[in-house]
Amino acid sequence: MQQTLIELLDARVSAALAAVGCEGAPAVIAPAGRPEFGDYQANGVMGAAKARKMNPRQLASEVLEKLDLAGIASKVEIAGPGFINITLAPEFLAALAHEAMADAKLGVPQPVSQRVVVDYSSPNLAKEMHVGHLRSTIIGDALARVLRFLGHEVIAQNHVGDWGTQFGMLTAYLIEAEQGGEATLALNDLEDFYRRAKQRFDADEAFATHSREYVVKLQGGDAQVNALWQKFLDVSLHHCEAVYEKLGVGLTRADVRGESAYNDDLPVVVADLKAKGLAVESEGAQVVFLEEFSNKEGEAQAYIVQKQDGGYLYATTDLAAVRYRAATLKADRALYVVDARQGLHFQQMFTVSRKAGYAPQGMQLEHVGFGVMLGEDGKPFKTRTGGTVKLAELLEEAEHRAFALVSEKNANMPESERRAIAAAVGIGAVKYADLSKNRNSDYVFSWDSMLAFEGNTAPYLQYAYTRIAGVFRRVEHFDAAAPIVLEEEAERQLALALVRFSEALHSVARETMPHFLCAYLYELSGQFMRFYEACPVLKSEGALRDSRLRLCRLTADTLKTGLGLLGIGVLEAM
RNA sequence: GCCGCCAUAGUUCAAUGGAUAGAACGGCCGCCUCCUAAGCGGCAGAUACAGGUUCGAUUCCUGUUGGUGGUACCA
């Protein structure tokens with residue numbers, strides 16, 4: 001299939017609209033709101049009729065006469081004020097399912113390929129990763145996977161915080177720890193390391209002076225301090241990689257391009273902005289005034305690119321980065337998976353990038369923002385004692401809880417197997433709980449609802465997969481090329497859900513909304529569960545059995561692929 | 001102050017301007033001699049408030065209330 005079902009129906013209805021004198025009128029195809037309205041509905045007739053002062057039901061019947069859905073729909077009817085309800089023919093759905101099974105991409109059409117930079121995770125290397133890094137990391141990872149699946153060339157950019165005055169303090173403390181012979185031990189817990197360094201900094205004036213000197217030496221390229229800094233970064237990145245490994249996130253060292261990578265470019269950017277008349281001096285700082293962000297009095301908002309003391313800010317670094325992504329990486333599209341609170345910064349940065357010509361007109365710049373994680377009290381998620389929750393500890397807790405539940409349900413299963421299931425289920429539950437929500441809103445993190453492992457959770461989807469795996473364990477032979485026959489309503493609904501995979505993926509890529517894929521997979525799993533209850537597979541016979549087994553096969557493949565795109569694993573048993 | 005975002009069942013979340021606002025959890029009632037009940041079916045339950053635009057508004061506009069975030073030298 002070269003297009004999604006919606007695209008196909010849109011083309012057909014648009015053609016019919018054009019045939020009755022409504023050229024250019026949008027067909028407005030949407031999945032039907034209710035089962036009795038069929039599978040898809042075309043809502044465009046009402047608007048077209050209104051614009052032409054026509055009777056909408058009359059126009060709908062004219063459109064219907066011209067509408068060619070031969071071989072596609074089994075029923076097309078006008079309803080309500082002028083809706084066109086379309087029910088797809090079982091044979092058509094069966095054919096699409098058949099095609100999907102023969103295709104490595106499960107029948108998902110590949111759009112025109114773009115080169116897409118996805119900036120995500122980007123932790124500060126001065127400290128250990130905490131829960132605040134979870135959303136960027138997994139949302140970005142899911143988007144990167146979906147874009148790659150659709151044939152885009154994704155360049156992941158882990159824009160880590162590896163620069164700034166705090167690294168003077170950390171390297172100074174590292175050399176002390178090394179002299180004390182306990183550097184390895186001290187670096188075991190980065191959070192603690194930072195705390196102790198900060199305590200030294202605050203309590204000991206000599207150490208503070210020493211730290212400041214190190215900042216200067218670091219910036220000046222001093223070999224010894226640079227080596228210490230590199231060592232610290234290396235340790236910190238190892239901590240990150242352990243978390244990525246546990247999370248099943250594909251980021252590697254090759255994707256790391258930290259803030260420090262742009263150091264040399266910062267004065268160049270500022271000079272360029274000045275030369276272009278964009279940056280001007282104000283109160284000793286270099287500032288770009290943006291009339292796009294002015295208040296009612298017409299006063300332009302300031303966007304500072306260089307401080308009074310000559311230092312640079314993240315605004316400058318981000319401008320250098322966007323220049324790099326456009327000019328060197330030649331990206332068609334750049335996604336910034338960063339906290340929604342930085343929305344204003346990105347809007348300003350994008351505006352300056354356009355004005356300065358750093359990002360060409362054709363390059364899409366998108367801030368993929370997301371809300372904060374809240375505790376069950378509605379306040380930012382913290383430990384009982386008010387500290388930040390380390391990501392590594394959160395994930396351990398998830399596995400721990402999952403292991404207890406797995407053990408409860410499968411007392412006789414070998415421990416190693418229970419551990420493997422607990423890892424997939426626990427981590428999957430954490431990721432799914434996050435990814436399944438609209439990223440724009442804040443969300444409440446709740447162990448209880450996340451690890452109840454029932455309802456709309458990752459384990460529900462994983463369980464649907466294991467049920468299918470269980471069926472195939474009992475199958476000795478079946479005709480993998482047998483025709484798919486959709487007679488029962490549950491079979492038809494399952495097939496419909498299966499062929500909608502492409503719509504879900506295209507929506508995710510277009511809107512950068514992973515929760516669309518979660519909603520899709522939950523719907524698919526639900527349809528499968530209903531099919532499983534209503535249509536015996538192994539107890540049926542002959543062609544019917546083969547057909548049902550093929551539906552099972554495609555469902556399993558789609559679930560595995562879809563969950564894989566969310567970075568969630570499936571299990572043969574659980 | 002100014003600018004932005006948010007407000008949907010008891011709770012946690014959905015809903016490209018479309019029909020009777022969907023789920024999940026919790027509550028109540030059913031379904032395992034039958035492919036794993038981490039499942040399936042049923043019942044009750046919601047758009048903060050007031051206007052406006054529209055054939056049609058949870059969605060767009062205005063105002064109100066209540067949250068929350070950003071906002072000249074952190075990121």
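Below, chain A is the first sequence line, B the second, and so on; all start at residue 1. Keep in mind that what you see is a predicted model, and the values were worked out from it rather than measured.
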Considering only heavy side-chain atoms of A/Val471, the closest of B/rA72, B/rC35, B/rA38 is B/rC35
If the P atom of B/rC34 is compared with that of B/rA44, how far apart are they to the nearest Å?
33 Å
With a 4.0 Å cut-off on heavy atoms, is A/Tyr443 in touch with a base, just the backbone sugar-phosphate, or nothing at all?
sugar-phosphate
Starting at CG of A/Leu290 and ending at P of B/rC3, how long is that distance when rounded to a whole Å?
17 Å
With sugar-phosphate meaning primed atoms plus P, OP1 and OP2, does A/His345 contact a base, only sugar-phosphate, or nothing at under 4.0 Å between heavy atoms?
nothing
Whole Å only: how far is the CD atom of A/Glu376 from the C1' atom of B/rC13?
14 Å
Taking OP1 and OP2 of B/rA15, is either one under 4.0 Å from a side-chain nitrogen or oxygen of A/His515?
yes
Under 4.0 angstrom, heavy atoms only, what part of the nucleic acid is A/Cys535 near: base, sugar-phosphate, or nothing?
base
Determine: side-chain N/O of A/Arg530 to OP1/OP2 of B/rG41, distance under 4.0 Å, yes or no.
yes
Any chance you could list the contact pattern along nucleotides 23-34 of chain B? Use B for base contacts, S for sugar-phosphate-only contacts and - for none, protein heavy atoms under 4.0 Å, 5' to 3'.
SSSS-------S
For A/His515, which of A/Val508, A/Asp434, A/Asn440, A/Asn438 qualifies under side chain to side chain contact (heavy atoms under 4.5 Å, CB included)?
A/Asn438
So if I take every side-chain heavy atom of A/Arg467 and compare against B/rG39, B/rA38, B/rA72, which nucleotide ends up nearest?
B/rG39
Select base, sugar-phosphate, or nothing to describe what A/Met46 touches, counting heavy atoms under 4.0 Å on all strands.
base
Do the two ring centres, one from A/Tyr532 and one from A/Phe528, sit under 6.0 Å apart?
yes
Is there a donor-acceptor pair under 3.5 Å between the side chain of A/Thr316 and the backbone N or O of A/Val305?
yes
Classify the nucleic acid contact of A/Glu259 as base, sugar-phosphate or nothing, counting any heavy atom under 4.0 Å across all strands shown.
sugar-phosphate
Contact class for A/Ile304 (heavy atom, under 4.0 Å): base, sugar-phosphate, or nothing?
base
Once you apply a heavy-atom cut-off of 4.0 Å, does A/Ala79 come out as touching a base, just sugar-phosphate, or nothing?
base
Test the A/Arg500-A/Tyr40 pair against the cation-pi criterion, namely NZ or CZ under 6.0 angstrom from the six-membered ring centroid and within 45° of the ring axis.
yes
Please work out if A/Ala340 contacts a base, only the sugar-phosphate, or nothing of the nucleic acid, heavy-atom cut-off 4.0 Å.
nothing
Where the side chain of A/Val537 is defined as all heavy atoms beyond and including C-beta, which of B/rA19, B/rC73, B/rC35 is the nearest nucleotide?
B/rC35
Length of the line joining A/Phe346:CZ and B/rC5:C1', which is rounded to integer Å:
16 Å
When rounded to the nearest Å, what value does the distance between C1' atoms of B/rU36 and B/rG26 take?
26 Å
Between B/rG17 and B/rC13, how far apart are the P atoms? Round to whole Å, please.
22 Å
Atom pair distance, as rounded to whole Å: CE in A/Met413 and P in B/rA38
12 Å
To the nearest Å, how far apart are A/Tyr303 OH and B/rA75 P?
11 Å
For the side chain of A/Ser282 and the base of B/rA72, is some donor closer than 3.5 Å to an acceptor across the two?
yes
Have a look at A/Val444 and say if it touches a base, only the backbone sugar-phosphate, or nothing, with a 4.0 Å heavy-atom cut-off.
sugar-phosphate
Can you tell me how far C1' of B/rC73 sits from CD of A/Gln301, to the nearest Å?
13 Å
Pair of N/O donor and acceptor under 3.5 Å linking B/rA38 base with A/Tyr463 side chain
no
Can you tell me, in whole Å, how much space there is between the P of B/rG18 and that of B/rU65?
31 Å
Pairwise P distance for B/rG10 and B/rC6, with rounding to whole Å:
23 Å
For the side chain of A/Asn438, starting at C-beta, report the closest nucleotide among B/rA14, B/rC74, B/rG18.
B/rA14
To the nearest Å, give me how far apart NZ (A/Lys127) and C1' (B/rC74) are.
12 Å
So what does A/Phe528 touch, heavy atoms closer than 4.0 Å: a base, only the sugar-phosphate, or nothing?
nothing
Return yes when atom CD of A/Glu541 has more than 12 non-hydrogen atoms of other residues, nucleotides or ligands closer than 6.0 Å, and no otherwise.
no
With a 3.5 Å cut-off and heavy atoms only, can you find an N or O donor on one side and an acceptor on the other between the side chain of A/Asn85 and the base of B/rA19?
yes
Could you measure between the two P atoms, the one in B/rU59 and the one in B/rA19, and give it in whole Å?
13 Å
Base of B/rA38 and ring of A/Tyr460 stacked, centres under 5.5 Å, planes under 30°
no
So what does A/Val372 touch, heavy atoms closer than 4.0 Å: a base, only the sugar-phosphate, or nothing?
nothing
Taking A/Arg553 for the side chain and A/Leu549 for the main chain, is one N or O donor matched with an acceptor at less than 3.5 Å?
no
Under a cut-off of 3.5 Å for both distances of each Watson-Crick or G-U pair, what dot-bracket string does RNA chain B give, using [ ] for crossing pairs and | for inter-strand pairs?
(((((((..((((....[...)))).(((((.......)))))....(((((..]....))))))))))))....
OP1 or OP2 of B/rU36 versus the side-chain N and O atoms of A/Arg474: is any pair under 4.0 Å?
yes
Whole-angstrom distance between B/rG4 and B/rA46, as gauged at atom P
34 Å
Quick check against the 3.5 Å criterion: does A/Asp479 have a side-chain atom that pairs as donor or acceptor with the backbone of A/Asp546?
no
Using a 4.0 Å heavy-atom cut-off across all strands, classify A/Thr317 as base, sugar-phosphate, or nothing.
nothing
Cation-pi geometry met for A/Arg257 and A/Tyr324 (6.0 Å, 45°)
yes
Using only atom types and a distance under 3.5 Å, with no angle test, would you say the side chain of A/His506 pairs donor to acceptor with the backbone of A/Glu503?
no
Syn-anti status, with the boundary at 90° from 0, for the nucleotide B/rC25:
anti
Any base atoms under 4.0 Å from A/Leu571, or only sugar-phosphate, or nothing? Heavy atoms, all strands.
nothing
Salt bridge (Lys or Arg N to Asp or Glu O under 4.0 Å) between A/Glu489 and A/Arg492, worked out
CA-CA 5 Å; A/Glu489 184 55 18; A/Arg492 213 189 68 87; 3.6 Å; yes
Taking the P atom of each, how far is B/rA48 from B/rU54, in whole Å?
23 Å
Once you apply a heavy-atom cut-off of 4.0 Å, does A/Ala30 come out as touching a base, just sugar-phosphate, or nothing?
base
In A/Tyr336, A/Tyr120, A/Tyr262, the residue satisfying ring pair (Phe, Tyr, Trp, His ring centres under 6.0 Å) with A/His159 is A/Tyr262
For A/Lys307 and B/rC74, is the shortest distance between a side-chain N/O and OP1 or OP2 below 4.0 Å?
yes
Taking atom types as they are modelled, would you say the side chain of A/Arg34 forms a donor-acceptor pair with the base of B/rU20 within the 3.5 Å cutoff?
yes
For the pair A/Asn410 (side chain) and A/Asn412 (backbone), establish whether a donor and an acceptor sit closer than 3.5 Å, ignoring hydrogens and angles.
no
Does A/Thr87 form a side-chain hydrogen bond (donor to acceptor under 3.5 Å, both in side chains) with A/Asp39? I'd like the steps, not just the answer.
CA-CA 5 Å; A/Thr87 302; A/Asp39 300 328; 5.1 Å; no
Does any N or O in the side chain of A/Gln348 come within less than 3.5 Å of the main-chain N or O of A/Tyr303, such that one atom is a donor and the other an acceptor?
no
